[in-house]
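Each remark here refers to the structure printed beneath this line.
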Amino acid sequence: MDKNLPKTYAPKEFEDRIYQTWEDSGAFHADVNSEKTPYTIVMPPPNITGQLHMGHALDHTIQDVLTRWKRMAGFDALWLPGTDHASIATEVRVADKLRVEEGITKEELGREEFLKRAWAWKETYGGKITEQCRKLGDSCDWKRERFTMDEGCNRAVTEFFVQLYEKGMIYKGNRIINWCPSCGTSLSDAEVEHDDKKGKYYYIRYPGSDGGPGLVVATSRPETMFGDVAVAVNPDDARYRDLIGKTVILPLIDREIPVIADPYPDMEKGTGAVKITPAHDPNDFEVGCRHDLPSPSCIEEDATMNDLAGKYSGLDRYACRKAWIADLDAAGFLEKIEEMVIPIGECYRCHDVVEPMLSEQWFVHMDELAKPAIAAVEKGEVRFVPARFEKIYLHWLEEIRDWCISRQLWWGHRIPAYYCQDCGEMTVARKQPDVCPACRSSQIVQDEDVLDTWFSSALWTFSTLGWPERTEDLARYHPTDVLVTGYDIIFFWVVRMVFSAYAMMDEEPFRYVYVHGLVRDGDGRKMSKSLGNGVDPLEIIDQYGADALRFMLSTGISPGNDLRFTMDRLESCRNFANKLWNASRFVIMNLNEGGDSTLYAPGAPLPDELTLADRWILDRIRQAVIEATANMEKFELALAGQKVYELIWNEYCDWYIELVKTRLYGDDEADKERVRRILVRGLREMLSLLHPFMPFITEEIWSHLPGSDMLLIRAAWPKAEALPADPAATRQMELAMDIIRSIRNIRAEAEAQPSQKLRVLLVAETAVLNNIRLCETHIRDLGNVVDIHYLNDKTEVPEAVMTGVVDQVEIFVPLDDLIDFKAEAVRLEKESGRLSGEINRLGIKLANTAFTSKAPAAVVQAERDKLDKYQEMLDKVAERLLLVRQKLENETRSDI
RNA sequence: GGGCGCAUAGCUCAGCUGGGAGAGCACUUGCCUUACAAGCAAGGGGUCAUAGGUUCAAGUCCUAUUGCGCCCACCA
């Protein structure tokens with residue numbers, strides 16, 4: 001038999017050891033040959049850019065709670081871990097490191113050498129991340145750990161690309177894309193963040209070629225004028241009708257451009273005349289296409305002006321803007337400047353202002369791919385929790401435009417397109433061709449670009465299970481059951497996983513998407529590096545233990561909503577762990593060391609004889625099992641956790657342990673053994689219910705219970721049927737508890753010492769009294785009462801008493817010298833007021849025939865019962881109040 | 001321009017299908033009672049943002065308003 005627990009709860013002493021035990025035991029490993037039903041979650045792969053933050057801790061805690069719960073509930077639970085190469089983010093980090101540590105740029109280092117550095121980075125940080133997962137207690141299957149750039153994922157990415165290309169869903173085209181000058185790459189629409197910024201509209205005159213006044217255009221980006229090829233006006237716009245077909249002159253540039261009619265200009269906006277710059281604006285590009293206009297670029301990839309900008313060539317776009325406007329103004333072409341709020345697109349990684357640019361890139365056609373992804377949610381094959389995210393998802397997919405997937409980066413999956421250097425033929429293939437299929441030349445080079453990092457994570461649910469091979473894992477574990485992720489990456493990732501799975505697997509990637517919010521700091525601000533308000537989960541674990549952190553993260557949430565991280569809440573969770581620790585210590589230290597440990601083993605039969613308190617706590621646990629399980633099924637983890645918290649603290653610790661102490665310290669050996677068995681049984685059920693939330697402490701305590709022949713992680717989730725239902729015991733126990741509370745209240749109000757033993761008189765009908773007699777020892781023990789008198793009427797009740805009323809029972813506590821009748825009167829008045837209020841409310845309700853005729857009979861009856869009960873109580877309180885008042889009057893008189 | 005969320009005790013937040021307002025922290029009072037002061041016991045504190053509506057019954061459903069926050073949107 002194990003020794004008792006150490007005196008203080010010190011999670012650091014056992015968390016790492018427990019984790020090692022789990023991992024060594026193989027409990028995390030899902031068995032492809034298992035008879036059990038599979039349950040699968042794939043971990044959203046953390047970026048290898050750094051270390052885990054509080055958002056990961058939240059994300060992982062939810063997944064681990066679900067995984068551990070399902071594992072206990074009899075499923076073959078697979079939580080598949082992995083990491084993401086995070087193309088652009090990692091490349092920026094590695095380049096920064098190069099600059100800082102070696103003072104060189106990635107270009108100076110060269111592609112091949114740079115990739116070596118990136119792989120070294122991956123080894124370091126990838127390893128750190130998996131270590132952190134272990135600290136959190138993640139019960140994931142490390143034998144199946146994956147990386148988005150491992151061999152299998154690479155194969156999957158190539159296969160995906162080639163198949164889409166062959167179906168005509170991937171194409172290379174010259175289009176307007178989002179360009180991040182500072183990252184030096186194109187971005188997808190999802191990677192651009194829009195923000196309203198203060199800006200200016202510049203009203204600039206384009207004089208007519210015929211010497212006429214021409215027209216005025218408004219622009220927020222005057223530096224793009226060098227790329228202007230036309231001015232468009234709405235054909236219905238009377239102001240410009242005469243100018244259509246004529247030309248105007250670009251001021252100072254002295255280039256003639258036509259005025260064209262196009263439905264695009266909105267007559268209400270600006271001046272109604274729009275400068276057309278096809279190379280730097282997607283709308284203008286379309287207008288340009290419609291009118292067969294050229295599309296000259298004037299801004300380079302590094303956001304400097306090119307030769308088209310004449311004397312401004314080489315200037316940064318904003319420097320150019322400033323000089324150009326000054327020159328226009330000096331020459332009299334600047335009509336006015338208007339302050340405006342302008343939506344600006346920024347790179348989601350570096351927040352540089354994105355420049356729309358004409359560029360040749362690879363794109364995925366979205367129209368066809370989006371259809372099954374939309375249908376999936378509409379038909380309910382994929383469901384969001386909470387459901388409101390379905391609308392957001394659908395809206396985004398319905399408006400989706402083609403996905404730009406090529407990136408001008410090195411770290412990532414290189415596009416499997418090959419070019420013949422002799423004839424220029426392009427081949428898209430799974431392997432580099434030896435010779436050009438067109439001209440047989442062997443001078444073949446691969447496309448320089450890599451793929452959007454989300455292109456590989458889109459395949460995550462099936463690439464990690466072996467696709468494109470038809471593996472047993474893939475057959476068994478796909479589609480996965482739940483995807484757990486933050487609402488901030490629904491567009492980046494969730495949407496793309498859904499359409500990718502339908503395209504390649506012809507099925508949904510997961511059945512549920514559990515969406516959680518962001519972790520914010522105590523002031524509600526988003527945790528971020530730049531604000532420096534981030535809290536490191538590892539430091540928290542070090543100080544408070546992983547269980548406290550996990551409990552805070554899993555019970556402080558409601559699906560889809562953000563969560564504030566406060567030390568107060570963390571401490572209260574740690575205190576809860578401490579409470580459980582001490583209660584368990586109490587139980588273990590009271591066990592019979594020489595006893596038969598099979599009586600304490602999981603699943604051991606309950607004793608034949610059960611006391612009222614035993615039946616009560618078993619019924620309460622049973623109820624908690626039912627409710628917590630129902631909550632878990634509905635993804636209401638926080639409610640489930642809260643129920644278990646209340647069961648452990650408010651019922652098991654506060655009442656049951658206190659109720660059984662006298663039995664435990666008594667001489668009846670058989671009864672002592674019965675109590676111990678119930679204590680252990682109850683504790684085991686509670687440890688099981690709590691284990692998904694607080695795995696470490698529950699496993700540690702479990703291991704100290706005699707008869708624990710297997711790890712808690714493998715134990716069965718509690719079943720309500722295994723526990724006796726006993727609502728009658730619960731009702732009776734609750735009456736006893738109310739009486740005890742009432743006595744304690746009287747004691748406190750009278751300012752009697754807690755140690756002072758009280759005498760109590762209980763007045764009620766005989767039947768009620770007989771019921772109470774069954775709880776007499778409890779009332780004595782917990783009310784600290786020496787003597788209980790049962791009476792049918794009040795004739796023998798002395799005058800100097802304080803009173804309480806619980807249901808049909810009147811409680812009198814004689815406290816001769818301690819009674820302050822004034823205070824007693826105030827107390828009774830308060831009680832009387834409360835009861836009168838209730839009676840009044842119920843009376844009105846029951847007098848209303850609309851209520852009595854339309855409300856369900858059970859509801860009406862319940863209200864009647866309540867009214868009777870309160871009326872009875874009020875009568876007693878009023879009677880007593882009258883007596884106390886008389887007493888006060890007498891005192892006043894005698895004072896006179 | 002479109003959409004969404006939040007508004008409940010001093011603070012942070014629960015409250016799932018409508019049927020007597022909850023938790024944690026903070027506060028007051030009394031307790032180092034042999035599991036636990038990271039604790040025990042007893043308390044105080046809320047016209048559930050505002051205005052309408054549906055209903056026998058609304059914190060809960062509907063509409064509008066106000067305030068805060070978020071997302072989407074091709075920067076004339």
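All values below come from the heavy atoms of this structure, side chains included, with hydrogens, waters and symmetry mates left out.
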Report which part of the nucleic acid [X] touches: base, sugar-phosphate, or nothing (heavy-atom distance under 4.0 Å, all strands).
| X | answer |
| --- | --- |
| E658(A) | base |
| D266(A) | base |
| Q642(A) | sugar-phosphate |
| L639(A) | sugar-phosphate |
| D196(A) | base |
| Y645(A) | sugar-phosphate |
| V354(A) | base |
| C653(A) | base |
| R741(A) | sugar-phosphate |
| I392(A) | nothing |
| F389(A) | nothing |
| F576(A) | nothing |
| K197(A) | nothing |
| K579(A) | base |

So, does [X] get its side chain near the phosphate of [N], meaning an N or O under 4.0 Å from OP1 or OP2?
| X | N | value |
| --- | --- | --- |
| N590(A) | U34(B) | no |
| K661(A) | U33(B) | no |
| R569(A) | C13(B) | no |
| R564(A) | C13(B) | yes |
| H395(A) | C71(B) | no |
| K866(A) | G19(B) | no |
| N578(A) | G39(B) | no |
| N848(A) | A57(B) | no |
| Y656(A) | A35(B) | no |
| K391(A) | C4(B) | yes |

Side chains of [X] and [Y]: donor-acceptor distance under 3.5 Å anywhere?
| X | Y | value |
| --- | --- | --- |
| H351(A) | E193(A) | yes |
| K275(A) | T224(A) | yes |
| S742(A) | N745(A) | no |

Measuring only the [atom1] atom in each nucleotide, how far is [N] from [M]? A whole number of Å is fine.
| N | M | atom1 | result |
| --- | --- | --- | --- |
| C16(B) | G5(B) | P | 15 Å |
| C71(B) | U47(B) | C1' | 35 Å |
| G69(B) | C61(B) | P | 24 Å |
| C56(B) | G24(B) | P | 38 Å |
| C62(B) | G1(B) | C1' | 26 Å |
| G18(B) | U60(B) | P | 12 Å |
| G59(B) | C13(B) | C1' | 14 Å |
| A35(B) | G67(B) | C1' | 49 Å |

Query - Output field: ring centroids F384(A)/Y512(A) closer than 6.0 Å - result: no
Selected nucleotide, minimal atom distance to [X] side chain, candidates [options]:
| X | options | answer |
| --- | --- | --- |
| W649(A) | G5(B), C40(B), G43(B) | C40(B) |
| N561(A) | C56(B), A14(B), C74(B) | A14(B) |
| I344(A) | G19(B), G24(B), C75(B) | C75(B) |
| E355(A) | A14(B), A35(B), C75(B) | C75(B) |
| S558(A) | A14(B), C71(B), C36(B) | A14(B) |
| P856(A) | C4(B), C36(B), G19(B) | G19(B) |
| R388(A) | C75(B), C4(B), C25(B) | C4(B) |

Assess whether one donor atom and one acceptor atom, taken from the side chain of [X] and the base of [N], lie less than 3.5 Å apart.
| X | N | answer |
| --- | --- | --- |
| R744(A) | A41(B) | no |
| E751(A) | A42(B) | no |
| N283(A) | C74(B) | yes |

Query raised in the report: Would D521(A) and R564(A) pass as an ion pair if we require N to O under 4.0 Å?
Result: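 Between R564(A) and D521(A) there is no salt bridge, as every charged N stays at least 4.0 Å from the carboxylate O atoms.
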Quickly work out the [X] [atom1] to [N] [atom2] distance and round it to whole Å.
| X | N | atom1 | atom2 | result |
| --- | --- | --- | --- | --- |
| E398(A) | A73(B) | CD | P | 14 Å |
| I557(A) | G15(B) | CD1 | P | 11 Å |
| R841(A) | C56(B) | CZ | P | 19 Å |
| L394(A) | C4(B) | CG | C1' | 14 Å |
| R585(A) | U34(B) | CZ | P | 13 Å |
| K854(A) | C56(B) | NZ | C1' | 7 Å |
| E399(A) | G1(B) | CD | P | 17 Å |
| E633(A) | U17(B) | CD | C1' | 17 Å |

Query raised in the report: Whom does A41(B) pair with, Watson-Crick or G-U wobble, provided both distances fall under 3.5 Å?
Result: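 Answer to the pairing question: U29(B), which forms a Watson-Crick or G-U pair with A41(B).
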Compare all side-chain heavy atoms of [X] with those of [Y] and state whether any distance is below 4.5 angstrom.
| X | Y | answer |
| --- | --- | --- |
| Y393(A) | V377(A) | yes |
| C653(A) | K579(A) | yes |
| V354(A) | L187(A) | yes |

Report summary line: Between P754(A) and P356(A), whichever has its closest RNA chain B nucleotide further toward 5' is P754(A)
Query - 5'-most by nearest nucleotide on RNA chain B - D654(A) or N650(A) - result: N650(A)
Query raised in the report: Do the rings of F389(A) and Y487(A) sit parallel, tilted or perpendicular, given the 30° and 60° boundaries?
Result: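 Rings of F389(A) and Y487(A): parallel, as their planes differ by under 30°.
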Query raised in the report: Which class fits the ring pair F551(A) and Y645(A): parallel under 30°, tilted 30 to 60°, perpendicular over 60°?
Result: parallel
